[in-house]
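Scroll down for the structure; my scribbles are underneath it.
Bear in mind that the values here come from a model prediction, so they are computed numbers and not experimental data.
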Amino acid sequence: MTASAQLSRVRNTTHATPSPAVEAKKFSFWYGQKQALHEIDLAVPDKAITALIGPSGCGKSTFLRSINRMNEMIPDVRHSGDMLIHGDDIYDGSTDVVELRTRVGMVFQRSNPFPKSIYDNVAYGPRINSNPPRRELDKTVEESLRSAALWDEVKDRLHSSALGLSGGQQQRLCIARALANEPKVLLLDEPASALDPAATQRIEELLFELKSRLSIIIVTHNLQQAGRSSDYTAFFYLGRLVEHGTTDIMFTSPREERTEAYITGRFG
Amino acid sequence: MAGLACDEGIEKMSRRSRHVRSKVMLGLTYAAAAMATLPLLFILVHLLREGAQYIRPGFFTQMPKPIGEPGGGMANAIVGTLMLISIASLIGLPVGIGAGLYLAERRGAPLATAVRFLSDVLNGLPSIVMGIFAWEFLVKPVGHFSALAGGIALGAMMIPLVTRTTEEMITLVPVSLHEAALALGYSRWRTSLTIVLRTALPGIVTGALVAIARIAGETAPLLFTALGNQFWSTSLREPVAALPLQIFTYAITPYDTAHGQAWAGALVLIVVVLTISMLARFATRSRFRAGTD
């Protein structure tokens with residue numbers, strides 16, 4: 001069997017879940033002439049962690065950034081197929097992209113706190129989206145920082161610069177900032193790739209705590225991390241979804257040869 | 001064995017020569033850096049020597065004496081220059097910052113490329129040409145010289161300076177900050193205003209000050225517009241005195257006392273420009289410095 005035939009035979013081993021948080025239906029994406037995603041069919045379960053893995057340039061980040069339409073910032077891009085979030089087609093003309101991004105939070109590879117105070121960083125989203133009274137805002141900020149396991153470390157210096165935090169703390173601040181909008185889905189693009197093992201572990205523990213409340217999709221290059229922390233794993237290769245299933249199965253007995261080769265470190 | 005020793009010798013020599021070359025190049029850059037600041041130091045020292053003795057409290061409060069008579073001050077020229085700078089800033093800063101924001105946010109668009117090119121051309125436009133145009137359209141139709149015409153001419157000169165520095169400063173704001181704001185549900189214009197402009201603000205302010213400093217000393221565009229005035233005037237529709245014009249007027253007279261006033265005026269002008277820069281730098285020193293990331 002040729003490699004391409006093998007690739008096109010996408011297997012989907014997802015367990016039937018009543019209503020997936022995010023669902024891609026024949027979703028393709030182009031940067032200019034270059035097709036980055038080929039008819040992705042993927043249902044991401046709610047209240048679980050799904051890891052997207054695959055070698056560089058396989059389209060996993062493109063897929064992630066299609067879920068909150070961040071790719072639209074790049075000129076000359078187009079897509080086909082559907083992307084549903086809790087049943088709503090987000091590429092439907094009636095979807096307000098600004099509102100969409102309050103429902104779908106995102107954390108980036110490199111922590112990117114604003115050059116403002118810790119408090120203002122977390123309050124940034126709620127201020128624009130609902131502009132609550134001060135007391136309520138204080139509460140939201142505290143809850144978000146607690147959810148991001150950062151409260152105890154920063155509660156005495158909420159009004160000092162966020163740039164004074166360590167790398168791991170900054171990344172948790174970015175998670176808190178995203179949580180303050182109370183999103184239904186949280187997207188993380190290699191959130192721990194610039195962190196040391198201890199900080200990475202904290203982020204992973206944090207995600208484990210958070211999954212009872214929302215759906216988490218994490219792009220990672222770190223297979224051990226995917227194996228440790230995710231419930232489901234999707235393997236992308238050359239812009240196609242090769243295989244998708246529970247992490248246990250994906251890491252122990254994948255159906256596709258290519259998945260096994262990648263996971264065991266024979267390529268990628 | 002002999003060959004090896006020889007190789008070692010060559011290596012040692014080349015290492016020493018590289019070391020020497022490094023020292024020489026370093027020395028040259030130091031010299032260049034010193035040369036870059038030398039003109040300013042020289043001018044300051046010279047101005048202090050020639051002009052400082054004429055600077056008395058009266059210089060700032062009195063009107064100019066008739067040419068040839070000693071004493072008197074430049075109160076009207078100082079006020080006039082402040083007026084002209086204000087008018088120019090009211091025009092040049094909003095337009096320039098807005099255009100710079102546009103250029104930075106729409107980098108590749110054909111219109112942006114055209115605007116960037118034209119703005120560079122405008123930047124290179126000799127200031128005397130700007131003066132003639134301002135005269136043609138702002139002085140000739142109304143029949144008299146005015147502070148307003150001078151301010152507008154200076155404002156037009158500020159626009160390309162502010163546009164390009166704003167664009168450069170905004171381009172330095174990391175894309176990641178931009179993305180972070182968008183991902184939190186901020187619309188594009190709000191992201192631009194609250195995150196991008198705010199982060200770039202110290203740089204933009206510095207750019208604006210450089211532009212102000214540039215136009216504060218401009219003489220040519222004022223010759224046909226603000227004209228200069230030996231009397232007190234704060235009317236926008238009247239000719240107004242300005243420090244550079246006053247310096248020019250005094251400097252071309254044959255009187256030593258007038259030359260002294262010109263040196264003093266030049267000293268005041270340069271001190272005003274330096275003070276504005278330093279004050280604003282201090283004022284915009286952010287509590288939350290953007291990181292290098």
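Proximity to chain B (any heavy atom under 4.5 Å) is restricted, for A:F108, to the side chain, taken from C-beta onward. Looking at A:R177, both its backbone and its side chain come within 4.5 Å of chain B, counting heavy atoms on both sides. Of the two parts of A:P113, only the backbone, made up of N, CA, C and O, holds a non-hydrogen atom closer than 4.5 Å to a non-hydrogen atom of chain B.
Look at B:E167 and B:R116 and you find a salt bridge, because one of the NZ, NE, NH1 or NH2 atoms lies within 4.0 Å of a carboxylate O, short of that distance. Note on A:E136 versus A:K139: no salt bridge recorded, every NZ/NE/NH1/NH2 to OD/OE distance being 4.0 Å or above. Between A:E153 and A:R172, at least one side-chain nitrogen of the basic residue sits less than 4.0 Å from a carboxylate oxygen of the acidic one, meeting the salt-bridge criterion.
B:R107 and B:T171 form a side-chain donor-acceptor contact under 3.5 Å, judged by distance and modelled atom types alone. When only modelled atom types and interatomic distance are considered, A:D46 and A:S215 share no side-chain donor-acceptor pair under 3.5 Å. For the residue pair A:H159 and A:K116, no side-chain donor N or O sits within less than 3.5 Å of a side-chain acceptor on the partner. Between A:S94 and A:D92, the side chains place a donor N or O and an acceptor N or O closer than 3.5 Å (distance only, hydrogens not considered). Side-chain atoms of A:Q170 and A:S111 include a donor-acceptor pair closer than 3.5 Å.
The contact list for residues 144-151 of chain A toward chain B, using heavy atoms and a distance under 4.5 Å, is empty. Residues of residues 186-194 of chain B lying within less than 4.5 angstrom of chain A, judged on heavy atoms, are B:Y186, B:S187, B:R188, B:R190, B:T194 in numerical order.
The 12-atom threshold is not exceeded at CD of A:E182, counting heavy atoms of other residues, nucleotides or ligands nearer than 6.0 Å. Heavy atoms of other residues, nucleotides or ligands lying less than 6.0 angstrom from CZ of B:R106 number 12 at most.
With A:F29 as the aromatic partner, A:R78 does not meet the cation-pi criteria of under 6.0 angstrom to the ring centre and within 45 degrees of the ring axis.
Comparing A:I128, A:V104, A:V98 by heavy-atom pairs within less than 4.5 Å of chain B, the highest count is held by A:I128.
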